[in-house]
Structure formats: structure tokens, C-alpha cells
Protein chains: 2
Amino acid sequence: MKRPTIADIARRAGVSKGAVSYALNGQPGVSEATRKRILSIAQEIGFSANSAARALSGARAQAIGLTLCRPARILGIEPWFMGLISGFEAELGARSYALTLQVVATPEQEIEVYRRWWGERRIDGVIVTDIREGDVRIPVLQQLQLPAVVIGGPGDTGSIAQIWSDDAGAITEAVRYLVALGHHRIARVSGNADLLHTQNRTKAFEAVCASLGLDHALTIPADYTGEEGSRATRRLLIGGDRPTAIIYDNDVMAVAGLAVAQEMGLSVPGDLSIVAWDDSPLCSLVHPPLTALSRDISAYGAQAARELLAAIDGQKVGNVEAGRVHLTPRGSTAPPRQDL
Amino acid sequence: MKRPTIADIARRAGVSKGAVSYALNGQPGVSEATRKRILSIAQEIGFSANSAARALSGARAQAIGLTLCRPARILGIEPWFMGLISGFEAELGARSYALTLQVVATPEQEIEVYRRWWGERRIDGVIVTDIREGDVRIPVLQQLQLPAVVIGGPGDTGSIAQIWSDDAGAITEAVRYLVALGHHRIARVSGNADLLHTQNRTKAFEAVCASLGLDHALTIPADYTGEEGSRATRRLLIGGDRPTAIIYDNDVMAVAGLAVAQEMGLSVPGDLSIVAWDDSPLCSLVHPPLTALSRDISAYGAQAARELLAAIDGQKVGNVEAGRVHLTPRGSTAPPRQDL
DNA sequence: CTGAAAGCGCTTACAG
DNA sequence: CTGAAAGCGCTTACAG
């Protein structure tokens, strides 16, 4: 099948190609009657503008890029990226923007992808996740002047806007809740220690524990995978002075932690309370269902896409706080049975 | 920063733009010495060909499309799509192909997306999943002559090649294994009943149960979500004549089923054995870890990408069987404790 | 309000 | 082996 072009429309409407372009893009320069005629012809013959031609004539590529940096074994079950993607689509779909995806292994490889995308003019902007202190990607994006929005923080991202969430407030709330239930020995299993939001959470966790006079505030660093979550949990539960509650930096590690407790014959929540960061269907899938720090990841993604599209349009965009994280109590938390 | 073009390279190398194009694309028409000089200049100035210009001059868009058709709440935790995506990338990355993603709600909407992509020349081909009997997408793809590869089957997909797997053989193996353990009452919780592979599995399940003389071969249709998995499991376990083993069509429903059993005070595998279709880290994450019908989803994706790239290159591609599904026994299956 | 034309950055026959 | 040129399908100043 031959793809229809604006020339086909112009011929049928008896106008020039320029007029068709103006009509299609809502620009002034054609009469209302002509515009209507052109639009109805376009509709009728199923016209979609060739995105290459449009991009080449200086318009946008009408696509944004996202890199996924996770080992394959975790990529599949961590709801985080798919949640973000669902959110993006809500915004992108309405403006016929496409989402281009690339799996990478390291931030360095990610930089290569950004450079290539930029050179190819393949995308109009990127969404950056997993931000680190002194992140190597930031100066490259600034140098390329590639519109970008960072998901994560708060932290230093130079001139690039970020969508951040109050992780410190959330973890403080979780600790206060556990203490109110009667817990004194609270531990945490964190995500990768080099990520900015992990550091923010660790600092806040230590601060709130100190302020409440808890001295067992141990954070064991892990990497979001089930394997590491299990390992960290075993290490915590083997000791004599084991915690009565553990907060996990993601749902996958929390579920793995639950399995370890069950395997060791500990009852949840009787012997051990569990809190998962990031609520996902996974938390409600297991027994007992996990108390979680919930936030609407999809809304987070939608907001990021909105900001990025604004940045691409040349608007000034600043840092934005995402929707609040809130505690969703479920069956995995309760007063400690015997706190001796 | 100004993007370098072939004109920049041509100027620096003292040759024509045409020569640069030939050199870059490995076409004959330039001497070896010139080609080397051009390539080193391109390397030096970090040149990537403008993908829009390339696509417009008749070459490929260098991108393939994938639509994701799942409700948001399941998209995030089902490892299937992310596994596929990881697999695609292994093939696409090597040839600098991009992957364009679009979330859709229905097959009809998916068709609209295909039409638009085709009109925009945005992608060179698509990978189609969730194939149904008499699938409405097939004739559209054929009419548009959009290169495509179907993941799923075996079944009728007209002239479009499919990567299929022997689901019938796999479920037969699973049932035989359970029967060998001593189970007689085996049930199944399936995915969406309108999907071709669900129907293939159901037929094979009923056939093997009949051939082995099991008369409780009940399949309860569900939809891959944890909610439906729980509902179906409760329905099965509430009855007086409850099954001693359940096979689930995906890992999410199997995990949900495990939780329901635990919630009802049934021991797994003592009172109930559980088999999950599609092994994923999720199966090893819970306690007990789930016996699973494993296949390498990522390899499946890689194979599909390979076939699609071949089809885009104009090669004839036929149906291909994906790597075999095999049973991975874990802690969730055992002889039934008391089979009265 | 409309038409004719240049130009985006490539690829690819077509001459030399 | 190399250069000059047309053309892909749009967008957008520039004349009328």
C-alpha cells in the first residue's frame, strides 16, 4: 500500500502542499473552510504525517527516550519501570509522542545512548532515573542541550529539572508508626547505596531513629534483587539481637524477606513486622499482604512526561514535588509479640 | 551544540557527501584508503547519521514497535513483557535499532497504533503478542504490508511468521509429573480464555487428564491478575472435593494462589501442590519457592527480534519453534499428604 | 488567504 | 573510483 502524503491531499483539495501543512498543524494561513476540507480528506484517506520528513524539516522527532538500567533478572519483576511507562503513555499518547526504550548496563553506556540519540535526532528529550551524587550523565546532557527531566532527588542536578518525592518524610512516618506499635529494634534493607534517594532515605532513617532514641538503626545495603534481599534478611535475623521490624527499599526485597522469615519459622507479623517501600500489586499478592509506603508511580511518570514535554517546548521548568508517599498498613505489621 | 553532518565530514575529508555516505554504509564506490579516513573522521567528531534524513531517503526507520496490551495493574508485575524487551535489545542494540513502545487498551486501539506507525513510517516492523483465534490485527498488518512477527501460537496467522512454543507438550509434562507424585485431582487456573495459547493449553490439559483417567480436570478461566488468581483459587479450594494440585497459567496468579492457600490454613505442598507457568524470579522469591514451567523468555524475545529483522530485510521467514519449556521442580510440589 | 520555492540531511542512480 | 544532482515528504519564510 502506498502511504498517502500531503501532496495527495493537496491534489484532492485543489490547494498547495503548504496550505495542507498549515491546515494540519493548526497554523494560520488557510481559511476555515479550506482547513475543514483538508482535515476531512486527511481523515478519509487515513493520513499520518511521515515522522521522518517532519523531523527533518526542523520540527520535533515526536519521541522521548528512556533507558532502563537494571540487570535482566530484576527488570522483569520490579514494577517500577512499567509503572513509569504506563504513566508516560497517558501524557504522550494524547500528543502522539512515541516512547523509545533502550536497555543499558551502566551509566557510561547510557551516556553513549544519549549521544547517539542526540546525533540521530531520534528523540526530543529524555527521562533520567537512578540519579547518583555527582552523576556523570548530567554534564553530558547539559552539554548536548538535550531536554531532560530527572526522576529522583532531591539533590543536585544542575540546570535539569527534577521530579522528587519526600522520601525522608515517608521513612520518618514509617519508623514512627512502627515505634507506636511498640517496636524498638528496627532495621532497614536498602537499595543500591550509590543512588541519591537511597542516601536520602538512609540519612532520614538514622535521624529519626536517633531522635526517638532507638540505637539498633541498622541499614544493610542491598541492590533491589530478591537474592540480596534474602541475604540481608538472613543476616539480620540470624543475630541474637534480631530486629522486630524491617523496612525494605523495594517490594521485591520485602517479599524475599517475608519468605526468609517463613523459612526460618518466624511468624509475620508476630515475630517480625515488614514494611515495603513502593506499594505494588506484588505487596497484596502475598500472605500476609505487606504494609507499604505507597505512591502513585504511574502519576509520577505522567508528571515527569508533562514536565519533559514542557521543557521540549522551550518552557522553563523547575523542580516539582511528586504526589506524597503515604503509609498503607496491611497484615505484615503488628505490635511485636514478645519484645525481650 | 551543532550536530555534525556528512557535509562536515565531506569537507574535512575533501570528498563529496556521496562518498561519505558510501564509506559509512560499507557500500562500494570509495577506495579503502578514503573509507578509512572518512570513518576515522566520523569517529573523531562523534557522528551519528540523522535518523530522520536516513529514513526519509528511503532507508529504514531503524526502529521496531511493540504494543503492550495489559491493564496497568498487571503490566508492572508480570515479568513477561520486560523479559521480551530484554531479549529484543540483545538483537536490536547490535544493529542500532531502536524499540518504540506503546501501551494500548484493546486490539482495536492496537490496530490504530499500527496504522499510525505505518503512516508515519516510524517503525520498520512490529512484534505482535497475545494472539487470538481469527485475530483482527492480522489482516490489517497484511494489508499494510508491515513486516511483523507473532509471538505465540501455534495457530493461524496467515502469511505472518510466528515464534511458537510447545505449550501442549509442557502442560502434558506437568500433569504427568503431578500424577507420578500421586495426585488425582488436578485443576488449572488459566489466563484469558480468548487467547490462542490459553486455548491450546486447555485442550492439551483436558486431553492428557482424559488419557490418564483423571476426571477432575477443571480449568477455571481467569485473566493473569492476582485478584482473579485468588478468586479462582478460593473457588477451587472451598468445594468439598478440592484439588490436591493446581496449575496456574502465570506466576502472578500462582503466587496469589499460594497466598490464598496459606490464608486458608492449607500447607503447600502438603495439602496443595502448585505449579506456575513461566518461571521468573518471582517464583523463587516466595516460600515455598514455586515449581514452574520454565522457558527463557528473553531468548524468546531475541529470537523474535532476529526473525523480524530478517523479515524487514526482505528475507522469507517461516514459523520457528522457540526453546523448549521444561519443568523446574521446587518446593511447592510434593505427593499429596492424605488423598481421601 | 494562497502559491511557489528553499531547505532539512541523508541515499542513490547517473555521469564522468 | 569520485562528483554533481535529484529526491524522500515535510515545514516555513517569502512573494503575491
Side-chain angles (χ1 to χ4, degrees), chain A residues 1-39 41-42 45-63 96 116-122 124 313, chain B residues 1-39 41-42 45-63 96 116-122 124 313:
Chain A
M1 241 175 111
K2 170 118 176 39
R3 290 174 179 78
T5 68
I6 53 168
D8 299 323
I9 301 180
R11 203 177 314 114
R12 292 178 64 150
V15 299
S16 70
K17 295 192 299 175
V20 174
S21 175
Y22 290 138
L24 256 25
N25 294 306
Q27 303 282 13
V30 283
S31 68
E32 216 28 62
T34 314
R35 183 189 307 275
K36 277 204 175 134
R37 192 151 43 89
I38 289 171
L39 286 175
I41 293 174
I45 65 177
F47 174 81
S48 304
N50 180 319
S51 59
R54 176 184 267 172
L56 191 55
S57 2
R60 305 267 113 91
Q62 296 268 111
S96 292
R116 182 162 55 75
W117 277 347
W118 174 83
E120 293 177 345
R121 263 181 177 280
R122 198 181 267 283
D124 298 324
D313 278 352
Chain B
M1 242 176 110
K2 169 121 177 37
R3 290 174 179 79
T5 69
I6 52 168
D8 299 321
I9 301 180
R11 203 176 316 112
R12 291 178 64 150
V15 298
S16 71
K17 294 191 301 174
V20 174
S21 176
Y22 289 138
L24 256 25
N25 293 308
Q27 302 283 13
V30 283
S31 68
E32 216 29 63
T34 314
R35 184 189 306 274
K36 276 205 176 134
R37 192 150 43 90
I38 289 171
L39 286 176
I41 292 173
I45 65 176
F47 173 81
S48 304
N50 181 320
S51 59
R54 176 184 266 171
L56 189 56
S57 6
R60 306 267 113 89
Q62 297 268 110
S96 292
R116 184 162 53 76
W117 278 347
W118 173 83
E120 293 178 346
R121 263 181 179 279
R122 198 182 266 284
D124 299 323
D313 278 353

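All chains are named by letter (A, B, ...) in the order of the sequence lines, taking the proteins before the strands, and each is independently numbered beginning at 1.
Applying the salt bridge (Lys or Arg N to Asp or Glu O under 4.0 Å) test to every pair with at least one member in residues 47-56 of chain B, sequence neighbours left out, gives no pairs at all. Applying the salt bridge (Lys or Arg N to Asp or Glu O under 4.0 Å) definition to pairs two or more places apart or across chains, those involving residues 12-25 of chain B are B:R12-B:E44.
Rounded to whole Å, atom C1' of D:dC10 lies 15 Å from atom CZ of A:R60.
Across all their heavy atoms, A:L24 and A:A42 have their closest contact at CD1-CB, 4.1 Å.
Contacts between residues 26-34 of chain A and DNA chain C, counted as heavy-atom distances below 4.0 Å, involve A:G29, A:V30, A:S31, A:T34.
Side-chain contact between A:D313 and A:R60 is present, with heavy atoms from C-beta onward closer than 4.5 Å.
Without hydrogens or angle criteria, A:R37 side chain to A:A13 main chain gives a donor-acceptor distance under 3.5 Å.
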**Report entry** Base-pairing string, 5' to 3', of DNA chain D - Watson-Crick or wobble, under 3.5 Å, | interstrand
**Finding:** |||.||||||||.|||

Requested in this report: Produce a footprint string for nucleotides 4-9 of chain C: one letter per nucleotide, 5' end first; B if the base is under 4.0 Å from any protein heavy atom, S if only the sugar-phosphate is, - if neither.
Outcome: ---BBB

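To the nearest 0.5 Å, atom CZ of residue A:R122 and atom CD of residue A:Q62 are 15.0 Å apart. How far CH2 of B:W117 is from OG of A:S48: 12.5 Å, rounded to the nearest 0.5 Å. Here the CD1 atom belonging to A:I41 is positioned 12.0 Å from the CZ atom belonging to A:F47, to the nearest 0.5 angstrom. For the atom pair A:L56 CG and B:N50 CG, the distance stands at 6.0 Å (nearest 0.5 Å).
Contact annotation: A:S21 reaches the phosphate of D:dT11 (side-chain N/O to OP1 or OP2, under 4.0 Å).
Qualifying side chain to side chain contact (heavy atoms under 4.5 Å, CB included) partners for A:A61, counting only residues two or more places apart in sequence or in other chains: A:D124.
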